[in-house]
Number of protein chains: 2
Amino acid sequence: MTQAAQAHDLKLTKNQHLVLSVLESSRQPLSAYSILDRLRGHGLKAPLQVYRALEKLLEAGRVHRLESMNAFVVCCHSRHGQIHPRITAFEICESCGKVNEFHDEKVESALIQHARSSGFKIRASAIEVHGLCADCH
Amino acid sequence: MTQAAQAHDLKLTKNQHLVLSVLESSRQPLSAYSILDRLRGHGLKAPLQVYRALEKLLEAGRVHRLESMNAFVVCCHSRHGQIHPRITAFEICESCGKVNEFHDEKVESALIQHARSSGFKIRASAIEVHGLCADCH
DNA sequence: AATGGAAAGTTATGTAATAACATTATTGAA
DNA sequence: TTCAATAATGTTATTACATAACTTTCCATT
């Protein structure tokens with residue numbers, strides 16, 4: 001990710017703004033198609049319009065993709081222009097659907113250390129834990 | 001996962017055996033459809049035949065699903081009847097496609113500790129690191 | 001042999017993502 | 001301002017991934 005791409009004050013285009021708004025107002029991760037459904041009233045008609053917006057929002061660090069769900073969530077640092085930690089992890093509640101994004105120093109250093117010892121060069125990671133959140137069990 | 005499902009000496013059905021064989025003979029993870037393609041010569045015709053076999057193999061702990069790739073790999077403990085560690089992680093090479101399954105005590109305890117502190121009850125996890133393996137960089 | 005449950009077969013459909021190409025907006029330098 | 005370059009958008013079609021619903025076959029047990 002480039003510096004420019006990390007800047008959170010980049011102007012969003014119309015579609016990017018629409019998609020981000022939908023994600024921000026959702027309490028759960030949304031699939032691209034369910035985002036599309038919510039935006040048909042705003043003139044969006046095709047999956048690509050959503051996927052292209054998501055691509056830019058991902059590059060800009062404003063949303064995350066949950067690989068194990070084929071779904072997207074806003075990044076908890078999306079506002080504020082914070083520097084985003086390197087390794088992001090998610091706790092995903094199978095009951096209420098809520099997602100807790102977190103950054104754990106120990107998880108990160110353990111993965112980095114393991115990579116170093118096996119000669120692996122990390123470029124991206126997907127760390128997704130499924131289960132029940134505190135409210136649901 | 002039940003005890004019975006963990007037993008590795010369970011007899012496999014014809015389709016389960018075919019699917020497992022294909023995965024074992026592949027140096028890379030395979031999608032369900034590419035498994036199907038390789039088994040058309042053996043009479044398989046429909047995706048469901050593969051997905052059903054995969055479902056059983058996953059339950060039995062003989063293969064893993066890579067969520068970030070929509071693909072499947074044999075479990076490195078598939079033979080041997082070993083007890084499978086709780087938390088499994090993968091280093092996936094973006095150049096040669098090879099997957100390194102590993103079980104890291106520090107990663108596991110960090111995730112468990114974080115879950116405990118946030119009141120989250122872990123049921124499953126997907127930990128997939130993408131990058132370049134030692135051979136490729 | 002009868003039967004009950006698991007596996008397999010088959011067709012259709014649902015969901016996720018991208019290809020290919022045409023058009024419109026924006027930007028930035030001459 | 002004008003024009004070229006780049007980015008974004010729109011549109012249609014297609015590919016890839018996964019499951020629903022229902023039928024038939026297989027096989028262990030009575």
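So that the names make sense, note that chain A is the first sequence line, chain B the second, and so on, each numbered from 1.
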Between [X] and [Y], is any pair of side-chain heavy atoms under 4.5 Å apart?
X	Y	value
A:Val99	A:Pro29	yes
B:Leu20	B:Arg62	yes
B:Leu57	B:Cys75	no
A:Phe72	A:Leu23	yes

Between [N] atom [atom2] and [X] atom [atom1], what is the distance in whole Å?
X	N	atom1	atom2	result
B:Glu55	C:dA8	CD	P	12 Å
B:Leu44	C:dA7	CG	P	15 Å
A:Leu39	D:dG10	CG	C1'	15 Å
A:Gln49	D:dA7	CD	C1'	16 Å
B:Lys11	C:dA6	NZ	P	17 Å
A:Leu54	D:dT9	CG	C1'	15 Å
A:Leu12	C:dT26	CG	C1'	15 Å
B:Lys45	D:dT24	NZ	P	16 Å

A:Thr13 side-chain N/O to C:dA25 phosphate OP1/OP2 under 4.0 Å: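 So the side chain of A:Thr13 is outside the cut-off, no N or O lying under 4.0 Å from OP1 or OP2 of C:dA25.
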Phosphate contact (D:dT9 OP1 or OP2) by A:Lys14 side-chain N/O below 4.0 Å: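 For D:dT9, OP1/OP2 do not have a side-chain N/O of A:Lys14 under 4.0 Å.
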Neighbour count >12 (heavy atoms, 6.0 Å) for atom NE2, A:His137: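 It does: A:His137 NE2 has more than 12 such atoms within range.
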Between B:His64 and B:Glu101, a side-chain donor and acceptor under 3.5 Å: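 Yes, a side-chain donor-acceptor pair sits under 3.5 Å.
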B:Glu108 and B:Lys106 ion-paired at < 4.0 Å: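 Between B:Lys106 and B:Glu108 there is no salt bridge, as every charged N stays at least 4.0 Å from the carboxylate O atoms.
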Output field: ring centroids B:His103/A:His114 closer than 6.0 Å: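 No, ring centres 6.0 Å or more apart.
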Between N or O atoms, less than 3.5 Å apart, protein on one side and nucleotides 16-18 of chain C on the other: list the pairs.
| residue | atom | partner | partner atom | Å |
| --- | --- | --- | --- | --- |
| C:dA16 | N7 | A:Tyr33 | OH | 3.3 |
| C:dA17 | OP1 | A:Arg65 | NH1 | 2.9 |
| C:dA17 | OP1 | A:Arg65 | NH2 | 2.7 |
| C:dA17 | OP2 | A:Tyr51 | OH | 2.7 |
| C:dA17 | O5' | A:Tyr51 | OH | 3.2 |
| C:dA17 | N7 | A:Tyr33 | OH | 2.7 |
| C:dA17 | N6 | A:Tyr33 | OH | 3.4 |

Contact list for DNA chain C against residues 15-23 of chain B - heavy-atom distance below 4.0 Å: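 Going residue by residue through residues 15-23 of chain B, the ones with a heavy atom under 4.0 Å of DNA chain C turn out to be B:Asn15.
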Nearest-neighbour nucleotide for the B:Arg52 side chain, C:dG9, C:dA7, C:dA20 considered: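 The listed nucleotide nearest to B:Arg52's side chain is C:dG9.
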Approximate separation, where rounding is to 0.5 Å, of A:Asn70 CG and A:Tyr33 OH: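 It is 11.5 Å, given to the nearest 0.5 Å.
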